[in-house]
Each structure stands twice: as structure tokens, then as C-alpha cells.
Amino acid sequence: MQLRDDFSQTCLVHTDELVWQPSPMQGVDRRMLDRIGGEVARATTIVRYAPGSHFSAHTHNGGEEFIVLDGVFQDEHGDFPAGTYVRNPPTSSHTPGSEQGCVIFVKLWQFDPDDRAALTLDMHEALAQTQAGVAQCVLHHDAREVVSCYRLASDVSLMLQATGGLELLVLEGELKTDRGALMRHSWLRLPDDERLAASASDQGAMFWVKTGHLRHVVAPGSLNPVP
């Protein structure tokens, strides 16, 4: 499957408007945002676990990065409530599920193959300190990418540079941008060297941002970048 695989184009998706599609595992549904490949894919997806559902045990050969958006995600490593950011590097394994149900934003097969650094972080705690209406935390930083989260107070503005490409997911509130209004769970992807002017609505906004990674797009099983 090839879905939004032209990384030179701007993509804006209001994910709450997408239809849920069943996954191969009963009780687990998804909204696909971008994808290169079949069930083993370089993919960005919103995944919903029904209460009591789970995926079978598996290894993430290409790594897994996710944010818990609603509910509590669970595996043998612990319980992860909404607002948790997790990086499971290549060769890591787990048996994911949720007793009460949950929704997560997940990215697969987008790690450096040699990355072995696991990370679990509460983004709300990381954004506890605010200066001039802006709270920012770098969640992960390496030679390939920078992953951050932000919280903006009401009507506060920010300029973001898409060096190496940019992805943004609104976690709370609403952002007004020069690419359109972004509601809760809206997803935006910008190509290399674009700029994004954004300001929070009167309710403020919290959002996740990744930059740099679109210079390193590789399909699973391939050594060559995707054109």
C-alpha cells in the first residue's frame, strides 16, 4: 500500500474525520495517515484498542514510536496513560493491549537501524515550566531527527522551521496556522525547508512536533531512500 507517500507535498488530515478500518487483530482498528508497505510497513497511524483487546506478541524490527492520546495503553512493561510518549527501538518486543481501551498515535519503521535507546516520558510533566506563554520539551534528539512537544497559552504565536521536513500532531486545544486551522488530533506534514506560522486559540494548545526525519525515508527491507 502507498498512502501519502510523496514527502515533497504538504499533507493536512483531520484524523477524527477518518473512518476506522479494522486491523488483522479483532478489537484493534486504525486510521492510516501515511504508509509504504503492507502489514509490515513504514507507517504513521492512529490506532484504537477496544476495551479488553490486545495485539499478539511481536518484535519491532524497525522500531516503534507512539503517543497515548486517550485511555491507558498497556504491555508487560507497564501502564501508559494519555500524554505518555514512548520509543521502542529496533529489536524491542512486547504484547500490547488495553483493559479499558485506548487510542494511540504510532509510527513504525522510522528509526535508525542501530538505535537501541528506549524512552518513556510523561509529556505533561515535561511541559511543567512555561516562559512567555510557551512550554517546550525536546523528547528525543539524534543525528536524524528532533522530537519535541509544546504547550502554548491562549493566542501565543510560534514560528517552526521544517528543516528536513516536519510533522505535527495537535494533542489538546486548537492551532491557527498559515496552512489552516488544526483541531485536536489534526496531523500536518510539511516538506523540507518549509516554515509554519502557528498560534494557539483562546483555549491554548498542546502539540507534538518532529523535524529532520523526512530526509531519511526508507521502506522496510530496503537500503535505499524512497524517492
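We count residues from 1, following the sequence as given.
Hydrophobic clustering places L190 together with L175 (ILVMFWY residues linked when any side-chain heavy atoms are closer than 4.5 Å, directly or through intermediates). Under the 4.5 Å side-chain contact rule for hydrophobic residues, Y150 and L139 do not share a cluster. There is no path of hydrophobic side-chain contacts, each under 4.5 Å, that joins V209 to V106.
Between E64 and R87, the closest side-chain pair of non-hydrogen atoms is not below 4.5 Å. The shortest side-chain heavy-atom distance between F7 and I36 falls under the 4.5 Å cut-off. Side-chain contact between T211 and Q161: absent, with no pair of heavy atoms (C-beta onward) separated by less than 4.5 Å. By the 4.5 Å heavy-atom criterion applied to side chains, D75 and T95 are not counted as neighbours.
The CG atom of D29 sits 6.5 Å away from atom OG of S23, with the distance rounded to the nearest 0.5 Å. Note: E65 CD to H140 NE2 = 8.0 Å, rounded to the nearest 0.5 Å. Separation of atoms CZ (R35) and OG1 (T45) is listed at 5.5 Å; rounding is to 0.5 Å. Annotation: the span from K176 atom NZ to D202 atom CG amounts to 7.0 Å, rounded to 0.5 Å. Taken to the nearest 0.5 Å, the CD atom of E194 stands 10.0 Å off from the CG atom of L166. A distance of 13.0 Å separates CD1 of I46 from CD of Q21, quoted to the nearest 0.5 Å.
Ring-centre distance between H185 and H14: not below the 6.0 Å cut-off.
A cation-pi arrangement is absent between R30 and W20, since the terminal nitrogen or guanidinium carbon is not both under 6.0 Å from the aromatic centre and inside a 45° cone about the axis.
In this structure, R184 does not pair ionically with D16, as no charged nitrogen and carboxylate oxygen lie closer than 4.0 Å. Residues D115 and R144 are not paired through a salt bridge, judged by the lack of any N-O separation under 4.0 Å between the basic side chain and the carboxylate. Ion pairing between D34 and R42 holds under the 4.0 Å rule for side-chain N and carboxylate O.
Take H54 and apply the ring pair (Phe, Tyr, Trp, His ring centres under 6.0 Å) test, not counting sequence neighbours, and it matches no residue.
Ring geometry, F80 versus F73: the interplanar angle falls from 30° to 60°, so the pair is classed tilted.
A ring pair (Phe, Tyr, Trp, His ring centres under 6.0 Å) with F105 is found for one member of W208, F66, Y85 and no other, namely W208. For the side-chain hydrogen bond (donor to acceptor under 3.5 Å, both in side chains) criterion with E145, the lone passing option out of Q110, K210, H213 is K210.
Taking both residues in full, the closest heavy atoms of S53 and G27 are given as OG-O, 3.5 Å, listed atom of the first, atom of the second, then distance.
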Kindly determine whether S8 and D6 satisfy side-chain hydrogen bond (donor to acceptor under 3.5 Å, both in side chains), including the steps that lead there. CA-CA 5 Å; S8 68; D6 185 348; 2.5 Å; yes
